[in-house]
A.B. asks: 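Before we start, here is the structure in question, set down as structure tokens.
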Amino acid sequence: MTAFSKIENFQVRTNQAFLDKAAALEPVLNKRVIRPGRMVRVEENFYHEAVVEEDAPMSELPGMRLGKGDKVIFDFGDHQVGYVSFVAVPMGSHYDAPAYLRLKFAEVPSELLEDAKDYDGWLSKSWIQEETLHLDILPASVNMPRRYAFRYMQVEVLDTSPKYTLQFRNICCDYVSAVEMNTVEPLHSRDDLLNRMDRVSLKTLMDCMQSVFEDGVKRDRRLWLGDLRLQARANYETFRDFNMVKRCLYLFAGMTFADGRIGACFFHEPDFRVDDTYLMDYALFFAPALCDYYEQSKDRETLEELYPQAMEQIDICWDTMLDERHVVVDKGEEFWCFLDWGEGLNKQAGAQAVLIYTMRYAIRMAQSLCDQKRVRQMEERMQILKAAAIEQFWDEKQKMFVSGEMRQISWATQVWMILARVFDKEKSRELILHTMQVNPRIRMVTPYMYHHYMDALIRCGEEELALEEMKRYWGEMILDGADTFWELYNPYNKHESPYGSSMVNSYCHAWSCTPTYLLRKFYKKNEKFRELFE
Ligand code: RAM
């Protein structure tokens, strides 16, 4: 599946005052020096899994001499985001040729078993974290200019000369993030898997909190609205960095498509620029993201300033995306609505549900601002859309919602219809239990979509089940070796990639960080789960 959008002569609408506000909120990044804890070997086992074994402690590095064909893998102990430096010293006769090195940075060990030469995906190969270097003057102090996302750093000596070898010293990473881990109280659950899930979530979120909420620190490295909404929710329960959310909201509002539509994604370097991608669900999420921000921060000025644009997103969908039956028009294979990366997923019914869902937040904001006209208008529209959803998408025989011309049944459609509250709580509960039983073939593949599944279970009063599912999904990712949560995780196909190759998959992806949000918001504060926490 190739999914991107490209618009010739893309025209934008700019609100410079909003962009200036965002610029003024740029965070100062904290830096910390991290050194590798050991050297390791990575091998493939019978099941094609990467297995890591300790090769040598770091104390042996000073005695090691590396010549042509030698390589060493440094393990930094946890996922890092930052700038790497090291010193290469020639040993033996005076060096008579440059040193030629290949460096590879890997978030997970399996990346070290892959060869970039074999890459044939549709995303740019330039995301693969691999470099070759010539060191003409030795000893050399090398400061790598790129920011890497990694736990493992492999240094391979492609060549020196027969007259000298290399000794490596002072290998370190200047780790960067806008927030500090010690500002967040650990979860303290009696169930250690929950503590680990919380810790890995926090690390994922922290690593992605850079100059903006990045989606992934290895790949994309930019702001996506769908990711932002979940990152912000996790942030409110943990780091509570309101300014970063505010900055990102002002960015999205500060530069939009010329017709007012908010872009799905935003570049912040070297200067601010909205991407020419519109995704209906992402644009709509501006409303819940703003509503959450206001309810958490009580920053009324920002609500007042950005509310018109949040409402505008809903108006645009109401005016341009519906047919005469008040049903979202299916744009088929186009990249028009996201929901999930599942192969073949039809988005029509899910898009309708997201539109209904976001109206609930629009109403909440309108109520806060005493905008009665809007409250009434949104309530009326919501009823119309719910009725249309039942009329067009509910299949009474199968007891599930269908989507698209082919009447496809997917997990995503059911989950979003529940979150849209098209049915009451009891009927929604029946629907989710029935869906679990049927296990539709069009499954969920991203932790982003799984988050919404958890949210739906909790909404239906199935908190215990949600906790079990959360442990099965994110817990299994931990058992599979996750130091930070991954962009993609399909328990039915662990090598899945929407990009034609898992080499460019991201393994520290912020939309996967929500267990910390769910655990802290719905379990820790809930009397029913008291025995889980000390
Ligand atoms: C990918 C990234 C990003 C997501 C978009 C839709 O490029 O994973 O996080 O929001 O897809």
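Order of listing sets the numbers, starting from 1, for every ligand and every atom in it. Sequential numbering from 1 along the given sequence is applied to the chain's residues.
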A.B. asks: Please work out whether the ring planes of Phe338 and Trp511 are parallel, tilted or perpendicular, with thresholds of 30° and 60°.
C.D. replies: parallel

A.B. asks: When only distance counts, is Trp511 in polar contact with ligand 1, meaning an N/O pair under 3.5 Å?
C.D. replies: no

A.B. asks: Return the residue, atom name and 0.1 Å-rounded distance of the protein heavy atom closest to atom 9 (O) of ligand 1.
C.D. replies: Asp227 OD2, 2.6 Å

A.B. asks: Which protein heavy atom lies closest to atom 1 (C) of ligand 1, and at what distance to 0.1 Å?
C.D. replies: Tyr499 OH, 3.5 Å

A.B. asks: For the residue pair Ile356 and Ala389, what are the closest heavy atoms and their distance?
C.D. replies: CD1-CB, 4.4 Å

A.B. asks: Any idea which part of Arg219 is under 4.0 Å from ligand 1, heavy-atom wise: side chain, backbone, both or neither?
C.D. replies: side chain

A.B. asks: Got the closest protein heavy atom to atom 8 (O) of ligand 1, with its distance?
C.D. replies: Glu487 OE2, 2.6 Å

A.B. asks: Starting from atom 11 (O) of ligand 1, find the nearest protein heavy-atom neighbour and note its residue, name and distance.
C.D. replies: Trp341 CZ2, 3.4 Å

A.B. asks: Between Arg247 and Ala22, is there a donor-acceptor pair closer than 3.5 Å when you use the side chain of the first and the backbone of the second?
C.D. replies: yes

A.B. asks: Would you kindly specify which portion of Tyr448 sits under 4.0 Å from ligand 1, judged on non-hydrogen atoms: side chain, backbone, both or neither?
C.D. replies: neither

A.B. asks: Does any part of the side chain of Glu111, heavy atoms only, come nearer than 4.5 Å to the side chain of Lys218, both counted from C-beta?
C.D. replies: yes

A.B. asks: Give me the one residue out of Cys508, Cys513, Ser201, Pro447 that meets side chain to side chain contact (heavy atoms under 4.5 Å, CB included) with Phe485.
C.D. replies: Ser201

A.B. asks: Tell me which protein heavy atom sits closest to atom 7 (O) of ligand 1, plus the residue, atom name and distance to 0.1 Å.
C.D. replies: Asp220 OD2, 2.8 Å

A.B. asks: Is it true that atom NZ of Lys125 has more than 12 heavy atoms of other residues, nucleotides or ligands lying nearer than 6.0 Å?
C.D. replies: yes

A.B. asks: Is any side-chain heavy atom of Lys494 less than 4.5 Å from a side-chain heavy atom of Tyr489?
C.D. replies: yes

A.B. asks: Heavy atom of Phe4 under 4.0 Å from ligand 1?
C.D. replies: no

A.B. asks: Identify the closest protein heavy atom to atom 6 (C) of ligand 1: which residue and atom is it, and at what distance?
C.D. replies: Tyr282 OH, 3.5 Å

A.B. asks: If you define the side chain from C-beta out and look only at heavy atoms, does anything of Tyr175 sit under 4.5 Å from Asn30?
C.D. replies: no

A.B. asks: Which residue and atom name correspond to the protein heavy atom nearest atom 3 (C) of ligand 1, and how close is it?
C.D. replies: Asp215 OD2, 3.3 Å

